[in-house]
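Beneath this line is the structure, given in structure tokens, with notes to follow.
When a ligand or atom number is given, it counts from 1 through the structure's own listing order. Excluded from the calculations below are hydrogen atoms, water molecules and symmetry mates; all remaining heavy atoms, backbone and side chain alike, are included.
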Amino acid sequence: MTLKQAARDVWSRAYAPYSNFKVGAAIRGAGGGVHTGVNVENVAYPEGTCAEAGAIAAMIAAGETKIAEVYVVAASPTPVPPCGGCRQKLREFGGPEVRVTMATMDGAEEVMTLADLLPGAFDAGHMEGS
Ligand code: THU
């Protein structure tokens, strides 16, 4: 299954009763596995989690630790970029070259790298010698 199809399939199972904005994410791990996630909202609004965070959790639970590629989809008029927190979360496991495809359920796509999405990222290199 393609990353696109995996993200579109999981999108339908997002739990977003408060925003009514469902998001699906699929990550291909460096080992070839496909890991998916959806946003899961909560009546205590800040406790909700993003689709990307869910996909990262699934990847880690499956034993993969490196992101090769990301696909995010929502039923929005234009492709939805990951929120700031998710950019940092993705960067924890993906290098600056990792491609992130942002898509709409209508089929529009925009591709950026993690370097585009999070320039000047804080990473482990900044802590060397500390
Ligand atoms: N959301 C995601 O899951 N991923 C994104 O990239 C953008 C926003 C979710 C969070 C919340 O459940 C809903 O979309 C509206 O912000």
Side-chain angles (χ1 to χ4, degrees):
M1 184 187 293
T2 65
L3 214 52
K4 175 178 180 174
Q5 197 54 55
R8 291 174 66 90
D9 285 355
V10 79
W11 171 85
S12 63
R13 296 191 289 279
Y15 178 77
Y18 305 106
S19 70
N20 283 317
F21 189 72
K22 293 181 169 193
V23 184
I27 291 174
R28 187 182 315 285
V34 172
H35 313 284
T36 59
V38 292
N39 53 332
V40 181
E41 297 184 346
N42 191 281
V43 64
Y45 292 176
E47 301 303 331
T49 51
C50 287
E52 296 89 330
I56 290 168
M59 180 189 80
I60 295 299
E64 287 213 67
T65 54
K66 272 201 78 65
I67 294 174
E69 195 183 347
V70 183
Y71 197 104
V72 183
V73 67
S76 54
T78 53
V80 173
C83 78
C86 284
R87 294 175 194 209
Q88 185 70 41
K89 290 184 180 81
L90 290 166
R91 191 63 179 72
E92 180 75 15
F93 304 105
E97 75 290 349
V98 165
R99 285 159 53 94
V100 179
T101 301
M102 300 156 276
T104 70
M105 287 300 284
D106 290 338
E109 291 184 348
E110 189 178 340
V111 182
M112 297 178 91
T113 64
L114 281 178
D116 296 329
L117 291 167
L118 190 63
F122 173 61
D123 63 23
H126 293 100
M127 297 175 70
E128 270 167 28
S130 64

Residue part near ligand 1, for Cys86, under 4.0 Å between non-hydrogen atoms: neither

Flag yes if Trp11 and Val70 sit in one hydrophobic cluster, no otherwise; membership is Ile, Leu, Val, Met, Phe, Trp, Tyr, and two members link when side-chain heavy atoms are under 4.5 Å apart. no

Can you run down the salt bridge (charged side-chain N to carboxylate O under 4.0 Å, His left out) pairs that involve residues 19-29, sequence neighbours left out, and say none if there aren't any? Arg28-Glu69

Is there a donor-acceptor contact under 3.5 Å from the side chain of Arg8 to the main chain of Met105? yes

Are any of the N or O atoms of Thr49 closer than 3.5 Å to those of ligand 1? no

Shortest protein contact, atom 5 (C) of ligand 1 (heavy atom only): Glu52 OE2, 3.4 Å

Would you mind reporting whether Tyr18 and Asn42 have side-chain heavy atoms less than 4.5 Å apart? no

On a heavy-atom basis, which atom in Ile27 and which in Leu3 lie closest, and how many Å separate them? C-CD1, 3.7 Å

Stepwise side-chain contact (heavy atoms from CB on, under 4.5 Å) test for Glu52 and Val72: CA-CA 8 Å; Glu52 296 89 330; Val72 183; 3.7 Å; yes

May I ask you to check if ligand 1 and Ala51 share an N or O to N or O distance below 3.5 Å? yes

May I ask which of Asn42, Val100, Val23 has a heavy atom nearer to atom 8 (C) of ligand 1 than the others do? Val23

Could you tell me whether ligand 1 has any atom less than 4.0 Å away from a heavy atom of Gly48? no

Taking non-hydrogen atoms only, is Cys50 closer than 4.0 angstrom to ligand 1 via side chain, backbone, both or neither? both

Any atoms of ligand 1 less than 4.0 Å from a non-hydrogen atom of Glu41? List them with their elements. 11 (C), 12 (O), 13 (C)

List the closest protein heavy-atom neighbour of atom 7 (C) of ligand 1: residue, atom name, distance to the nearest 0.1 Å. Val80 CG1, 4.0 Å

Side-chain heavy atoms under 4.5 angstrom apart, residues restricted to Ile, Leu, Val, Met, Phe, Trp, Tyr: same cluster for Val43 and Tyr45? yes

Residues 89-99 side chain polar contacts: donor-acceptor under 3.5 Å, at least two apart:
unit_1	atom_1	unit_2	atom_2	d
Arg91	NH1	Gly94	O	3.4

Could you say whether the N/O atoms of Ser19 and ligand 1 ever approach to under 3.5 Å? no

Any chance you could lay out the side-chain contact (heavy atoms from CB on, under 4.5 Å) test for Val23 and Val80, step after step, and finish with the verdict? CA-CA 9 Å; Val23 184; Val80 173; 5.7 Å; no

What's the shortest distance from atom 9 (C) of ligand 1 to any protein heavy atom, and which residue and atom give it? Asn39 ND2, 3.6 Å

Which protein non-hydrogen atom lies closest to atom 16 (O) of ligand 1, naming both residue and atom, and how far is it? Phe21 CD2, 4.8 Å

If we number the atoms of ligand 1 from 1 as shown, the ones under 4.0 Å from a heavy atom of Pro81 are 6 (O)

